[in-house]
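Start at 1 and go down the list; that is how both ligands and their atoms are numbered. Because the structure is predicted, anything quoted here is derived from the model rather than measured.
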Amino acid sequence: MKLYLTPNACSLADHIALHEAGFDFDRIRVDIPTRRTESGDDFTQINPKGYVPALVLDDGAVLTENVAILSWIADRAPQLAPGGELGRIRLVETLAFIGSELHKLLIRSIFPTSDAEKAAVDEVIALRLGVIAGQMQGDYLFGDQAGVADAYLYVMLRWAGALGLPVPEPLPAFVERMAARPAVQQALRHEGLA
Ligand SMILES: N[C@@H](CCC(=O)N[C@@H](CS)C(=O)NCC(=O)O)C(=O)O
């Protein structure tokens with residue numbers, strides 16, 4: 001299995017989740033501006049969308065989109081997903097919220113086209129961080145066990161922190177807790193971030 005990633009990009013979530021799952025995988029870095037892999041290959045031949053993450057399975061199937069890749073990991077490592085009758089759908093609900101309502105807005109805050117856009121986007125991000133803060137069911141999103149959604153949220157909160165955006169309680173302690181996890185440390189080291 002091969003994970004195509006860019007250091008500190010959203011692909012860090014998938015990188016962390018693969019370590020949490022204990023899977024063996026290769027990492028291939030992608031330079032986003034040139035869309036070339038570290039060995040100079042054209043990344044769009046792997047993922048025509050041109051963005052990370054992409055996960056190439058051992059049979060050659062290519063998975064793209066954080067929601068899909070994180071769901072695939074959770075399906076194979078059920079300890080990384082919430083249990084119960086609605087567990088699977090709660091996971092999709094949370095991944096969709098993080099992907100559509102946080103990730104996309106944070107990208108706009110990192111690369112705003114105007115000061116007015118940044119101010120407007122940051123206001124909505126603050127509301128959405130408040131929503132996810134209110135959903136924490138324990139030390140992690142779904143209780144006392146970290147899972148794939150926590151990996152995605154952690155990466156978004158790293159970005160929010162780097163942007164200087166306010167991160168509401170209890171999320172600062174969650175970030176610290178995640179940062180201390182061996183799987184997170186391992187992924188950060190591989191990406192040159194720790
Ligand atoms: N919808 C995609 C978005 C992925 C995404 O935004 N990737 C960024 C890095 S965080 C990227 O590679 N951007 C380059 C580009 O869009 O050209 C997903 O959730 O996987």
Original post:
Roughly how far, to the nearest 0.5 Å, is CZ of Arg76 from OG of Ser71?
Top reply: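 It is 10.5 Å, given to the nearest 0.5 Å.
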Original post:
Roughly how far apart are Glu65 CD and Leu55 CG, rounded to 0.5 Å?
Top reply: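 With rounding to 0.5 Å, CD (Glu65) is 13.0 Å from CG (Leu55).
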Considering only non-hydrogen protein atoms, determine which one is nearest to [atom] and report residue, atom name and distance to 0.1 Å.
atom	value
atom 11 (C) of ligand 1	Tyr51 CB, 3.4 Å
atom 14 (C) of ligand 1	Ile32 CG2, 3.4 Å
atom 7 (N) of ligand 1	Val52 O, 2.8 Å
atom 6 (O) of ligand 1	His103 NE2, 3.5 Å

Original post:
Does at least one non-hydrogen atom of Trp159 fall below 4.0 angstrom from an atom of ligand 1?
Top reply: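 Trp159: in contact with ligand 1 (<4.0 Å).
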**OP:** Quick one: look at Phe43 and ligand 1, take heavy-atom pairs under 4.0 Å, and tell me if it's side chain, backbone, both or neither.
**Re:**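 Under 4.0 Å from ligand 1, Phe43 contributes no heavy atoms.
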Original post:
Just distances here: any N/O of Asn66 and N/O of ligand 1 closer than 3.5 Å?
Top reply: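 Right, the criterion is met.
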Original post:
Is there any N or O on Ala9 that sits under 3.5 Å from an N or O of ligand 1?
Top reply: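 No, since none of the N or O atoms of Ala9 sits under 3.5 Å from an N or O of ligand 1.
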Original post:
Between His190 and His19, what is the ring plane arrangement, given parallel below 30°, perpendicular above 60°, and tilted in between?
Top reply: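 His190 vs His19 ring planes: parallel.
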**OP:** Just go through Glu65, Lys49, Arg35 and tell me whose heavy atom is the nearest to atom 18 (C) of ligand 1.
**Re:**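 Looking at heavy atoms only, Glu65 sits closest to atom 18 (C) of ligand 1.
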Subject >> Ligand-residue contact atoms, ligand 1 with Cys10, heavy atoms, under 4.0 Å >> reply: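 So the answer, numbered in order with elements, is 4 (C), 5 (C), 7 (N), 9 (C), 10 (S).
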**OP:** Would you mind listing which atoms of ligand 1 come within a distance below 4.0 Å of any non-hydrogen atom of Pro53?
**Re:**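 So the atoms of ligand 1 that pass are 20 (O).
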Original post:
Given the rule in the side chain to side chain contact (heavy atoms under 4.5 Å, CB included) test, do Asn8 and Arg158 qualify, once you have shown the distances and angles that lead to the verdict?
Top reply: CA-CA 9 Å; Asn8 210 26; Arg158 276 176 62 92; 3.3 Å; yes
**OP:** Heavy atoms only: give me the nearest Ala81-Leu91 pair and the separation to one decimal.
**Re:**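 Scanning both residues, the minimum pair turns out to be CB-CD2, 4.0 Å.
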Subject >> Identified side chain to side chain contact (heavy atoms under 4.5 Å, CB included) counterpart of Tyr4 within the set Asp14, Asp26, Val62, Thr37 >> reply: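 Of the listed residues Asp14, Asp26, Val62, Thr37, the side chain to side chain contact (heavy atoms under 4.5 Å, CB included) partner of Tyr4 is Thr37.
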For residues 134-148, which side-chain N or O atoms pair as donor and acceptor with protein atoms under 3.5 Å away, sequence neighbours left out?
{"from": "Tyr140", "atom 1": "OH", "to": "Arg181", "atom 2": "NH1", "distance (Å)": "3.1"}
{"from": "Gln145", "atom 1": "NE2", "to": "Gln79", "atom 2": "O", "distance (Å)": "3.4"}

